[in-house]
There are 2 protein chains.
Amino acid sequence: MNRPSPRGKRIPPFTVLRFARYLNFLCNLPEEVREISSAEMARTIGIKATQLRQDFFTLGGFGRQGRKYDTRVLEERLREVLALQGSQHMVLVGAGNLGQALANYQDFERFNLYLRGIFDTNPKLIGLRFRGIEVMGLEHMQDFIREQGIELGIICVPHSVAQPVCDALVEAGIKGIWNFSPENVLVPEGVVVQNENLSVGIMNLSYQLSIARED
Amino acid sequence: MNRPSPRGKRIPPFTVLRFARYLNFLCNLPEEVREISSAEMARTIGIKATQLRQDFFTLGGFGRQGRKYDTRVLEERLREVLALQGSQHMVLVGAGNLGQALANYQDFERFNLYLRGIFDTNPKLIGLRFRGIEVMGLEHMQDFIREQGIELGIICVPHSVAQPVCDALVEAGIKGIWNFSPENVLVPEGVVVQNENLSVGIMNLSYQLSIARED
DNA sequence: CTGATCATGTGACAATATTAACAGGTCAAT
DNA sequence: ATTGACCTGTTAATATTGTCACATGATCAG
């Protein structure tokens with residue numbers, strides 16, 4: 001199911017998720033911190049140091065025996081692995097509350113992810129600007145994607161229209177979809193989708209809480 | 001690490017996450033659909049039917065051999081397992097874009113989760129209302145939580161203040177924290193935290209996309 | 001009633017993920 | 001130079017998850 005990385009090694013899916021967390025952690029670190037131990041990093045993130053080292057071992061060459069990790073090297077390697085070194089461009093569909101929140105989210109640019117277009121059907125929203133990006137009518141979306149050669153799409157529309165919006169994105173050439181609607185969208189072969197259902201998080205929390213209460 | 005459920009059986013962590021997705025799926029289903037097969041449900045959600053049945057088997061008694069699942073029964077059982085049957089109350093800290101989006105998110109109430117208070121330090125936001133709930137100054141937060149006996153807290157503040165806000169929540173009696181700040185917050189024993197780092201999702205998507213491109 | 005079909009329940013097995021144990025390198029103090 | 005305290009790299013063991021094959025029950029056509 002999973003293919004080898006650019007360096008020829010396959011990365012376990014869970015390790016990829018942790019790579020993202022490591023990179024995020026490193027980016028939040030103060031500039032002057034140049035090195036960090038697996039123990040310190042793991043404790044802050046909330047995992048075991050041995051797991052972190054095992055993750056890095058998967059790719060090899062992240063650090064040197066006996067020495068702490070160099071934060072710069074680590075960050076660079078992680079960006080490389082996660083394919084975040086070149087700029088990637090995104091469009092966002094649905095400029096409701098969540099859409100606006102994402103449009104204003106500033107962290108994306110730290111990872112070379114740039115929002116280029118926002119689309120909605122609501123006339124009250126069309127023409128508004130978020131961080132300099134104008135909300136356009138949905139009818140302009142496909143042309144925009146094709147002209148700019150954009151590959152990433154974010155879906156923040158109500159669940160009843162999530163699938164048609166997704167289909168339109170794919171038809172226009174989008175290769176990766178980040179879906180915040182509660183509906184799981186289906187995509188053809190070759191297109192990647194990441195479903196980010198917010199309710200799942202709070203339900204899991206509710207369960208964990210009920211377990212904790214039993215102690 | 002994990003405790004038995006109210007019915008005495010321990011539920012694997014990954015199964016809990018899928019339970020949340022199943023419940024979400026069922027809630028999005030039209031009223032008139034009274035029964036559904038594991039195959040149909042699994043296909044829509046994007047997993048294998050056998051895994052879904054295995055999940056239900058963990059608790060037992062979700063369905064009857066030879067018959068499809070009764071959607072009502074399923075929904076009821078899942079709500080029970082996830083501890084969503086009684087009302088739970090939440091406060092939200094940070095009424096920025098993401099905070100507002102969550103305050104306006106309508107799905108929570110379908111799971112008996114009710115937002116009771118919103119807090120921020122920004123004078124421009126204090127006094128505003130979202131879905132009838134007024135934004136209050138952060139200094140009133142702890143009293144509010146104690147008076148209302150609230151156990152769930154949502155953190156939507158910038159990463160530099162996430163930990164102090166978290167500490168204040170815990171001190172006031174919050175038992176479960178849903179953290180949207182990019183910083184992983186640390187909590188004492190007995191408090192549950194769910195970190196919902198948005199960047200992780202898009203970074204994972206970036207990676208998956210790079211793998212797909214190699215084919 | 002009987003066979004065909006379609007459904008879920010269940011235990012065994014295969015694939016993954018996590019943790020432990022330790023080998024081997026680095027550095028500073030003495 | 002040597003010791004000891006800290007590091008990461010690597011392999012092996014353990015634990016958890018996902019998948020399969022098939023037993024078993026329901027239903028319906030004829």
Side-chain angles (χ1 to χ4, degrees), chain A residues 1-5 7 9-22 26 33-75 77-78 204 208 211, chain B residues 1-5 7 9-22 26 33-75 77-78 200 204 207-208 211:
Chain A
M1 189 179 291
N2 237 322
R3 285 307 165 111
S5 80
R7 283 185 128 70
K9 288 176 189 164
R10 177 188 165 278
I11 308 175
F14 282 60
T15 297
V16 174
L17 292 177
R18 280 191 298 271
F19 277 166
R21 291 170 63 191
Y22 302 150
L26 290 167
V33 180
R34 296 292 182 85
E35 56 176 30
I36 191 164
S37 72
S38 61
E40 189 178 351
M41 198 164 161
R43 183 168 39 76
T44 315
I45 293 182
I47 63 172
K48 304 208 168 179
T50 167
Q51 179 166 59
L52 184 146
R53 290 205 303 277
Q54 179 70 284
D55 284 342
F56 288 170
F57 173 62
T58 299
L59 291 181
F62 274 68
R64 277 169 54 199
Q65 264 185 337
R67 309 201 45 167
K68 295 185 178 182
Y69 293 105
D70 180 315
T71 53
R72 307 283 182 90
V73 172
L74 225 52
E75 189 178 325
R77 293 284 282 116
L78 288 171
N204 186 44
Q208 301 300 339
I211 297 299
Chain B
M1 188 180 294
N2 238 319
R3 285 306 165 111
S5 81
R7 284 185 126 73
K9 288 176 189 165
R10 175 190 166 278
I11 308 174
F14 284 66
T15 297
V16 174
L17 292 177
R18 280 190 298 269
F19 276 166
R21 290 170 64 190
Y22 301 150
L26 291 167
V33 179
R34 296 291 181 86
E35 56 176 29
I36 191 164
S37 71
S38 61
E40 190 178 351
M41 198 164 161
R43 184 170 35 80
T44 315
I45 294 181
I47 62 171
K48 303 206 167 179
T50 168
Q51 179 167 58
L52 183 146
R53 291 207 302 278
Q54 180 71 281
D55 284 340
F56 289 170
F57 173 60
T58 299
L59 292 181
F62 275 66
R64 278 168 52 201
Q65 264 185 337
R67 308 201 46 166
K68 295 186 178 183
Y69 292 106
D70 180 315
T71 53
R72 307 283 180 90
V73 172
L74 225 52
E75 190 178 325
R77 293 284 281 117
L78 288 172
V200 170
N204 186 43
Y207 173 80
Q208 301 301 339
I211 298 299

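These values consider heavy atoms only, across backbone and side chains, with no hydrogens, waters or symmetry-generated copies. Residue numbers begin at 1 in each chain, while the letters A, B, ... track the order of the sequences.
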Here the distance between atom P of D:dG18 and atom CZ of B:Phe56, to the nearest Å, is 14 Å

Has A:Tyr69 got a side-chain N or O lying under 4.0 Å from the OP1 or OP2 atom of D:dG9? yes

Donor-acceptor pair, distance only, cut-off 3.5 Å: does the side chain of B:Thr71 make one with the backbone of B:Val33? yes

Nearest 0.5 Å, what's the OG1-CD distance between B:Thr15 and B:Gln54? 8.0 Å

Along nucleotides 23-30 of chain C, 5' to 3', which nucleotides get a B, which get an S, and which get a -, given that the test is a protein heavy-atom distance under 4.0 Å? BBBSS---

B:Arg10 and B:Thr58: which non-hydrogen atoms are nearest, and at how many Å? O-CG2, 3.9 Å

Could you give me the CA-CA distance, side-chain angles and deciding distance for A:Asp55 and A:Gln51, then say whether side-chain hydrogen bond (donor to acceptor under 3.5 Å, both in side chains) is met? CA-CA 6 Å; A:Asp55 284 342; A:Gln51 179 166 59; 5.5 Å; no

By nearest nucleotide on DNA chain C, pick out whichever of A:Arg18 and B:Phe62 is the more 5' one. B:Phe62

Just verifying a value: how many Å separate A:Arg53 CZ and A:Phe57 CZ, rounded to the nearest 0.5 Å? 12.0 Å

How long is the line joining CD of B:Glu35 and C1' of C:dC6, in whole Å? 12 Å

Starting at atom CZ of B:Phe14, determine the distance to atom C1' of C:dA15, rounded to an integer number of angstrom. 13 Å

What distance separates B:Leu52 CG from B:Tyr22 OH, expressed to the nearest 0.5 Å? 4.0 Å

Note: B:Ala39 and B:Ala49 closest approach over all heavy atoms is CA-CB, 3.8 Å

In Å, rounded to the nearest 0.5 Å, how long is the span from CZ of B:Arg21 to CE of B:Met41? 10.5 Å

DNA chain D contacts made by residues 44-55 of chain B, counting heavy atoms under 4.0 Å: B:Lys48, B:Thr50, B:Gln51, B:Gln54

Nearest to the side chain of B:Phe57 - D:dT17, C:dT10, C:dT18? C:dT10

Parallel under 30°, tilted from 30 to 60°, perpendicular over 60°: which one fits the rings of A:Phe56 and A:Phe19? parallel

In this structure, how many angstroms lie between the P atom of D:dC6 and the CD atom of A:Glu40, rounded? 14 Å

Provide, to the nearest angstrom, the distance between the NZ atom belonging to B:Lys68 and the P atom belonging to C:dA7. 6 Å

